[in-house]
Undergrad: 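I'd like to ask some things about the structure below.
Chain identifiers are assigned alphabetically (A, B, ...) following the order of the sequence lines, protein sequences preceding nucleic acid strands; residue numbering begins at 1 within each chain.
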Amino acid sequence: MAFKEIELNMGPQHPSTHGVLRLKLAVDNEVVLRVEPVVGYLHRGIEKLCEHHTYFQITPYTDRLDYFAATQNNLAYLLAVEKLAGIEVPKRGQYIRVILAELQRLASHLAWIGFNANDIGAMSVLLYGFAEREGILEIFEEYIGARLTIHSLRIGGVPHDLDAKIISMILAALDSIPARLKDIEMLLSDNRIWKHRTQGVGVIPADEALALGLTGPALRAAGVRWDIRKNIPYSSYEDFDFDVPLGTNSDVYDRYLVRLEEIRQSVRIIRQAIAKLPGGESRATVPKILKIPAGEVFHSIEAPKGELGFYIQANGSEKPERVKIKVPSFINLQSLERMCRGYLIADVVAILGSLDIVLGEIDK
Amino acid sequence: MSSTLLYEFIIPLLKVAVVAIYPMLMVIVMIWLERRVVAWIQSRIGPNRVGFQGVLQPFADAIKLFFKENIMQCGADRFIFNVAPVIVLWSALLAFTFVPLGGTMQIGTYNLNFWVAESPVGLLLILGISAISVFGIIFGGWASNSKYPLLGGLRSVVQILSYEIPTGLAVLSVVFFSESMNMIDIVKKQQEMGVWFAFILPVSLIIFWISAVAETNRCPFDLPEGESELVAGFHTEYSGLKFGYFFMAEYAHMVLLSSVVVVLFFGGWLPPFPNVRFLSFLHKVPGFIWYFVKIMFFLYFYIWIRGTFPRYRFDELIKLAWKWLVPLSLLNVMLIALIKVL
Amino acid sequence: MVAKFLKKILLIDLLIGLWVTLKYTFKPKVTFQYPERAKPTRRRFRGILRLYRNEQGQPLCIACKMCQRACPENCFDIEGAKDADNKMRPTRFNWILERCTFCGLCVEACPTGAIRFSHEFRLSTLDRRNLSFAMDQMYYDFDLQEHLQGELVNP
């Protein structure tokens with residue numbers, strides 16, 4: 001049976017590839033046979049820039065990797081540097097870091113729900129997600145002065161302490177989230193059109209997911225219980241009580257449910273952290289000029305998109321020898337082909353959305 | 001001026017002019033309404049700067065489209081490329097000749113009918129003429145000489161043709177009750193029965209409404225012109241005023257199908273409960289006002305649906321038509337026929 | 001079972017979705033009508049960098065060049081000399097807005113609090129040369145809008 005293969009190009013300019021991603025699809029009449037992602041349209045040379053800047057100066061650059069959850073990138077980098085330099089962050093600083101990082105996870109997941117629903121057609125959910133995100137961005141504006149690329153953590157802790165006004169803003173934002181999530185769920189979770197579009201689409205079995213290096217909510221939707229916050233805790237995550245949501249069918253619908261549940265668990269973590277906030281300093285004393293003796297370290301955290309890791313090689317001066325960033329979206333993009341094989345073109349958009357990639361991360 | 005000249009020449013000419021302009025006016029209203037209502041659903045305000053509360057926004061859009069570059073594909077078939085938008089718009093406007101916009105009004109000694117033409121098979125003619133728009137879509141998709149419009153055009157055609165069947169069957173059930181395909185007689189029958197057909201035939205109404213949304217390529221059935229998927233479907237390669245034509249044609253079709261729903265199921269120009277003497281003061285309001293109010297509700301309903309639901313994937317769409325709507329409407333017709341016989 | 005079947009036939013899930021969007025149609029809207037009404041900026045808002053003076057009108061900057069060393073983007077070009085009162089003062093303080101990423105490392109490095117973020121965020125201009133600031137253009141009482149957009153208002 002001969003079939004004719006068409007090559008379709010979802011070009012760098014497309015309303016649904018989240019950023020400038022080029023996908024070369026080979027389709028047979030509607031069914032996707034091969035997907036080849038072409039990346040590099042947003043390359044800014046961050047790793048090379050890191051070799052010529054001091055450890056303090058690199059922190060603002062890491063904001064720009066996953067710009068939806070800037071604090072998480074800061075956290076990954078700073079934990080690696082502190083491990084290498086042997087700096088101990090005080091307990092209060094660690095708790096505040098957890099609060100800020102989890103707030104960013106909320107912001108990232110809310111933006112994700114909006115974009116994914118918009119790709120599949122429900123355009124109002126985008127605006128609802130962003131209206132909720134606005135509350136969180138206001139908190140960051142009050143705390144540190146910026147909303148997106150915030151540079152909100154420093155080596156040794158956090159720049160400012162949390163005062164009563166910021167804590168009340170955080171609690172107000174957390175209080176308004178359950179109602180909004182309920183609205184989004186009423187619009188989407190039981191909706192037959194949503195279920196038709198997302199159930200059974202983009203299935204990847206757990207062993208293949210592990211073999212391809214998939215991490216983050218997509219891996220947990222496949223049923224694999226791997227969350228670095230639980231398995232290899234960092235920055236006092238072991239003090240908090242939260243669940244890790246798992247999926248069963250590893251399709252787009254399960255990834256959506258996993259992320260919704262992660263939002264709820266993040267709210268839980270933040271409430272616990274605020275309630276149990278210890279006293280003390282929020283930042284350790286770090287010399288103004290930080291020279292780290294020769295050595296290397298790799299440290300990874302559970303970013304909203306997956307496992308984000310920094311490999312830093314120091315050579316005794318105040319600038320690192322080499323910084324290599326292991327980004328989750330780049331590795332997750334590998335599994336796009338496996339997930340898309342055999343589905344229709346319309347599904348590629350849904351699957352790509354469910355992987356939750358950010359081109360800033362992929363291209364660095 | 002002799003009365004024959006007035007009554008048999010000038011007034012029909014005026015009526016034709018009104019019927020040609022009326023859908024275009026509704027298009028202008030629809031463009032504004034769509035952007036405002038979708039914005040309200042999304043917790044924002046929508047365009048409110050051009051003119052009072054943004055009512056001049058459609059004109060601003062039209063002027064912008066007018067000034068855009070007229071791009072012609074290098075391998076495109078020029079004549080068919082240019083004729084496609086005209087066919088789509090023209091078929092919608094032509095079908096309006098058989099749609100009654102109101103009842104009969106007494107002006108002096110003359111009975112002014114609010115419709116241009118009356119035909120014993122008016123309903124059939126409306127459905128037939130509006131189906132000519134399929135040609136425009138397939139011409140647009142083919143003549144663009146490009147992959148995306150071709151795929152989009154083919155899908156659009158299959159969608160429209162598949163949903164014609166439930167439309168026809170739902171309409172058939174109404175015809176059982178009214179015993180005539182004349183649009184005027186259908187309304188008169190609803191007046192006679194004292195109740196709108198929507199309350200007697202709810203299943204037909206739902207089937208017809210779902211098919212109407214699918215026929216006009218609106219969300220949730222708008223994958224052929226899916227914004228996030230095939231860029232823009234069959235009208236990808238059209239720019240400037242030709243794209244404006246397709247845009248206007250979509251709204252004109254929406255107005256046409258809303259009119260058909262209103263006439264068939266909601267009493268046309270009749271007030272609610274037309275025979276109840278207690279509410280006879282409602283008859284003082286002229287028929288075309290009632291018609292207009294009902295149309296606005298259905299147009300709002302179109303926009304409301306667009307802002308709420310995700311998009312159906314194409315195979316799900318066709319499955320919905322053939323596996324659910326066609327058997328359901330056949331069953332419906334048989335039941336109605338049975339009820340009518342007994 | 002019967003309930004599930006009825007839910008499917010009566011399109012309950014679709015009606016619930018329509019109800020949600022209907023609710024939102026009548027809720028207050030969250031957008032601002034800019035520029036008539038702008039969102040108030042918060043206390044630590046990172047607007048453009050400005051140099052500040054003390055209560056006597058003396059500039060706070062002592063030309064220690066800590067900000068120049070801290071900046072990742074080489075935005076600063078500073079030179080200082082001792083003035084008549086034997087205090088270090090800057091003789092040249094050039095700053096390039098084009099390169100600034102608003103990271104705040106210079107503000108944290110400054111020992112006297114001379115350079116700080118202001119609340120000005122309307123920073124657009126038609127000429128790129130307006131994005132480089134000399135020392136007298138860096139103070140907080142400099143008319144920034146005139147400098148950036150002057151040719152638009154008075155051509």
Undergrad: Does any heavy atom of chain A fall under 4.5 Å from the side chain of C/L11, the backbone, both, or neither of them?
TA: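 Both parts, backbone and side chain.
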Undergrad: Let me know if C/K27 has heavy atoms under 4.5 Å from chain A in its side chain, its backbone, both or neither.
TA: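 The side chain, not the backbone.
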Undergrad: Given a strict heavy-atom distance threshold of 4.5 Å, which part of A/H52 is in contact with chain C: side chain, backbone, both, or neither?
TA: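 For A/H52, neither part sits under 4.5 Å from chain C.
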Undergrad: Tell me, side chain or backbone of A/T149 under 4.5 Å from chain C's heavy atoms, or both, or neither?
TA: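 The backbone, not the side chain.
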Undergrad: Taking the basic N atoms (NZ, or NE/NH1/NH2) and the acidic carboxylate oxygens, is any pair closer than 4.0 Å for A/E134 and C/K39?
TA: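 C/K39 and A/E134: salt-bridged.
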Undergrad: Answer yes or no: is there an ion pair linking A/R264 with A/E185, defined by an N-O contact shorter than 4.0 Å?
TA: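 A salt bridge links A/R264 with A/E185.
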Undergrad: If you measure from the Lys or Arg side-chain nitrogens to the Asp or Glu carboxylate oxygens, is any gap between A/R64 and A/D363 under 4.0 Å?
TA: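 No.
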Undergrad: Please classify the contact between A/Y143 and chain C as side chain, backbone, both or neither, with a heavy-atom cut-off of under 4.5 Å.
TA: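 It is both, since atoms from each part get that close.
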Undergrad: Using a 4.5 angstrom heavy-atom cutoff, name the option from C/I16, C/L14, C/V30 with the most pairs to chain A.
TA: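 Counting heavy-atom pairs under 4.5 Å, the top option is C/L14.
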Undergrad: Could C/R92 and C/D77 be called an ion pair, given the rule that one side-chain N must be under 4.0 Å from one carboxylate O?
TA: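 Here C/R92 pairs with C/D77 in a salt bridge, since their nearest N and O are under 4.0 Å apart.
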Undergrad: Considering non-hydrogen atoms only, spot the tightest contact between A/I87 and A/G156 and give its length.
TA: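 Taking A/I87 first and A/G156 second, the nearest heavy atoms are CG2-CA, 4.2 Å.
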Undergrad: In terms of heavy-atom proximity below 4.5 Å to chain A, should C/T31 be classed as side chain, backbone, both, or neither?
TA: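 Neither part; nothing is under 4.5 Å.
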Undergrad: Between A/K195 and chain C, with a heavy-atom cut-off of 4.5 Å, which part of the residue counts as in contact: side chain, backbone, both or neither?
TA: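 Neither part; nothing is under 4.5 Å.
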Undergrad: Shorter than 4.5 Å, heavy atoms on both sides: which option in C/F117, C/F102, C/Y24, C/F45 has the most such pairs with chain A?
TA: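 Counting heavy-atom pairs under 4.5 Å, the top option is C/Y24.
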Undergrad: For A/T62, which of A/T71, A/N73, A/N74 qualifies under side chain to side chain donor-acceptor pair (under 3.5 Å)?
TA: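 Running side chain to side chain donor-acceptor pair (under 3.5 Å) over A/T71, A/N73, A/N74 with A/T62 returns exactly one hit, A/N74.
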